[in-house]
> 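Got a structure here, written out as structure tokens. Questions coming.
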Amino acid sequence: MSKEITLSIIKPNAVKKNVIGEIISIFEKNNLQIAAAKKVLLSKELCQEFYAEHKERPFFEELVEFMTSAPVILMALSGDNAVNLNREIMGATNPSEAKPGSLRALYGDSLGENAVHGSDSLESAKREVTLFFNDSEITLPM
């Protein structure tokens, strides 16, 4: 297996529920390590850039409004096969379809407010991680 870095975002609804530690604990129990983390209130401009691939979709403005409504936790997660492992831990996008015990099943409220984001590919992970973190903020485990 190869070590990868992927982006994870704990979304506003999960931050408001005060389940940040529980989510991080699940990542760590599944052998993902935090290479970088910060709590931020996303600007509308940065959020629009992040979700640019959804710009033409009808839910885009609602998504941007939600993601900028309260702080989020941005994390670069490191581990073997991190992109796919993170996606498995998160569960299906729609919490009602997510596997029991997955983050979205546990903490998601709806399709739009599904508690967490994770990069969907290595290419996306590279783009997303560098959008939110510079190299000096990322520390890889020894």
Side-chain angles (χ1 to χ4, degrees), residues 1-57 59-60 62-142:
M1 296 207 192
S2 62
K3 291 274 185 200
E4 298 173 350
I5 293 182
T6 190
L7 184 78
S8 176
I9 301 176
I10 302 176
K11 294 182 177 182
N13 61 318
V15 172
K16 287 178 186 176
K17 289 179 186 177
N18 203 29
V19 294
I20 297 164
E22 293 169 42
I23 292 171
I24 290 172
S25 178
I26 291 169
F27 287 137
E28 290 178 333
K29 286 176 183 170
N30 283 278
N31 298 314
L32 288 174
Q33 292 131 357
I34 298 172
K38 55 186 164 185
K39 184 176 186 179
V40 301
L41 183 59
L42 294 174
S43 70
K44 184 176 181 178
E45 296 75 24
L46 183 57
C47 192
Q48 287 172 330
E49 181 180 351
F50 177 67
Y51 285 115
E53 71 270 16
H54 299 304
K55 190 173 186 172
E56 301 305 320
R57 297 200 175 154
F59 61 83
F60 179 73
E62 187 177 334
L63 175 61
V64 170
E65 186 175 319
F66 166 63
M67 290 297 292
T68 59
S69 67
V72 299
I73 305 298
L74 301 170
M75 294 181 289
L77 300 176
S78 171
D80 290 333
N81 200 24
V83 172
N84 289 331
L85 180 56
N86 182 32
R87 295 195 64 74
E88 183 180 319
I89 293 165
M90 288 189 308
T93 303
N94 188 338
S96 66
E97 298 170 3
K99 179 177 81 175
S102 67
L103 294 177
R104 288 176 171 153
L106 291 168
Y107 306 114
D109 297 317
S110 66
L111 180 61
E113 296 185 13
N114 60 11
V116 289
H117 164 87
S119 304
D120 63 5
S121 67
L122 268 176
E123 296 74 28
S124 292
K126 289 175 186 169
R127 180 186 75 81
E128 293 175 356
V129 168
T130 58
L131 186 63
F132 295 114
F133 296 100
N134 62 51
D135 288 345
S136 69
E137 294 175 298
I138 298 173
T139 56
L140 297 175
M142 304 295 254

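Every value quoted in this text rests on a predicted model; they were computed, and no experiment measured them. The figures here come from the full heavy-atom set of this structure, side chains too, leaving out hydrogens, waters and symmetry mates. Each residue takes its place number in the sequence, starting with 1.
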> Looking only at heavy atoms, what is the nearest atom pair of Ala125 and Val83, with distance?
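Distance-wise, the nearest heavy atoms are CB-CG2, 4.1 Å.
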> Looking at every heavy atom in both Thr6 and Ser119, which two are closest together, and how far apart are they?
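So the minimum-distance heavy-atom pair works out to OG1-CB, 3.2 Å.
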> Give a yes or no on whether Glu65 atom CD has more than 12 heavy-atom contacts from other residues, nucleotides or ligands under 6.0 Å away.
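Incorrect, the count does not exceed 12.
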> Would you say Asn134 has more than 12 foreign heavy atoms packed within less than 6.0 Å of its CG?
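More than 12 within 6.0 Å, yes.
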> Please give me the minimum heavy-atom distance between Met67 and Pro12, naming the atom from each residue.
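That would be SD-CD, 3.9 Å.
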> Within the side chain of Ser25, is there an N or O that forms a donor-acceptor pair under 3.5 Å with the backbone of Gly21?
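Answer holds: no.
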> Quick one: list whatever passes salt bridge (Lys or Arg N to Asp or Glu O under 4.0 Å) with Arg127, sequence neighbours left out.
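So Arg127 forms a salt bridge (Lys or Arg N to Asp or Glu O under 4.0 Å) with Glu53.
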> Any heavy-atom pair between the side chains of Ile5 and Leu140 that's under 4.5 Å?
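Touching, per the 4.5 Å side-chain cut-off.
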> Can you give me the closest heavy-atom contact between Ala105 and Ala98, atom names plus distance?
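Of all heavy-atom pairs spanning Ala105 and Ala98, the closest is N-CB, 3.8 Å.
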> Could you pull out the closest heavy-atom pair between Pro71 and Leu41, with the gap in Å?
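Heavy atoms of Pro71 and Leu41 come nearest at N-CD1, 3.8 Å.
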> Just how far is it from atom CE of Met90 to atom CD1 of Ile9, taken to the nearest 0.5 Å?
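Spacing of CE (Met90) from CD1 (Ile9) equals 10.0 Å.
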> If you define the side chain from C-beta out and look only at heavy atoms, does anything of Ile26 sit under 4.5 Å from Tyr107?
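SC-SC contact between Ile26 and Tyr107 confirmed.
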> Of all residues at least two apart in sequence or in a different chain, which pass the ring pair (Phe, Tyr, Trp, His ring centres under 6.0 Å) check with Phe132?
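Once residues adjacent in sequence are excluded, the partners of Phe132 under the ring pair (Phe, Tyr, Trp, His ring centres under 6.0 Å) criterion are Phe50.
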> Is there side-chain contact between Asn86 and Leu7, with at least one heavy-atom pair below 4.5 Å?
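The answer is no; the side chains never approach within 4.5 Å.
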> Can you classify the ring geometry of His117 versus Tyr51 as parallel (below 30°), tilted (30 to 60°) or perpendicular (above 60°)?
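If you compare the ring of His117 with that of Tyr51, the planes turn out perpendicular.
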> Distance from Leu103 atom CG to Arg87 atom CZ, nearest 0.5 Å?
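CZ of Arg87 is found 12.0 Å from CG of Leu103.
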> For the atom pair CG (Leu63) and CZ (Arg57), what is the distance rounded to the nearest 0.5 Å?
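Those atoms lie 10.5 Å apart.
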> So do the side chains of Met75 and Ile24 get within less than 4.5 Å of each other, counting heavy atoms only?
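Side-chain contact under 4.5 Å: yes.
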> Using a 4.5 Å cut-off on heavy atoms from C-beta on, say whether the side chain of Val116 contacts that of Ile89.
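They are not in contact (no side-chain heavy atoms under 4.5 Å apart), so the answer is no.
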> Using a 3.5 Å distance criterion without hydrogens, assess whether the side chain of Asn114 forms a donor-acceptor pair with backbone atoms of Thr93.
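Yes, Asn114 side chain to Thr93 backbone: donor-acceptor pair under 3.5 Å.
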> Tell me if the NZ atom of Lys38 is crowded by more than 12 foreign heavy atoms within 6.0 Å.
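Atom NZ in Lys38 is packed in, count exceeds 12.
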> What pair of heavy atoms forms the shortest contact from Ala70 to Lys16, and how long is it?
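Heavy-atom minimum between the residues: CB-CE, 3.6 Å.
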> Flag this pair as yes if the NZ/CZ of Lys11 is under 6.0 angstrom from the six-membered ring centre of Phe66 and inside a 45 degree cone about the axis; otherwise no.
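Verdict for Phe66: no cation-pi partner in Lys11.
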> How long is the straight-line distance from CG of Leu42 back to CG of Leu74, given to the nearest 0.5 Å?
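Atom-to-atom, Leu74:CG and Leu42:CG are 6.0 Å apart.
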> Give the intermediate values and the outcome of side-chain contact (heavy atoms from CB on, under 4.5 Å) for residues Glu22 and Leu106.
CA-CA 10 Å; Glu22 293 169 42; Leu106 291 168; over 6 Å; no
> Who passes salt bridge (Lys or Arg N to Asp or Glu O under 4.0 Å) against Asp120, sequence neighbours left out?
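Testing Asp120 for salt bridge (Lys or Arg N to Asp or Glu O under 4.0 Å), a comparison that skips the adjacent residues, returns none.
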> Quick one: are Ser43 and Thr68 in side-chain contact, heavy atoms under 4.5 Å?
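With C-beta onward as the side chain, the pair stays apart.
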> Looking at CD of Glu88 and CG of Asn30, how far apart are the two atoms once the value is rounded to the nearest 0.5 Å?
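Output value for this atom pair is 8.0 Å.
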> With rounding to the nearest 0.5 angstrom, report the OG to CG distance, Ser96 to Leu111.
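Result: 8.0 Å between the selected atoms.
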> Would you say NZ of Lys99 has more than 12 non-hydrogen atoms from neighbouring residues, nucleotides or ligands within 6.0 angstrom?
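Counting other residues, nucleotides and ligands, NZ of Lys99 stays at 12 neighbours or fewer.
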> Any heavy-atom pair between the side chains of Ile138 and Val129 that's under 4.5 Å?
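The answer is yes; the side chains approach within 4.5 Å.
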> For residues Ile73 and Val15, determine if any side-chain heavy atom of one lies less than 4.5 Å from a side-chain heavy atom of the other.
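Yes, side chains in contact.
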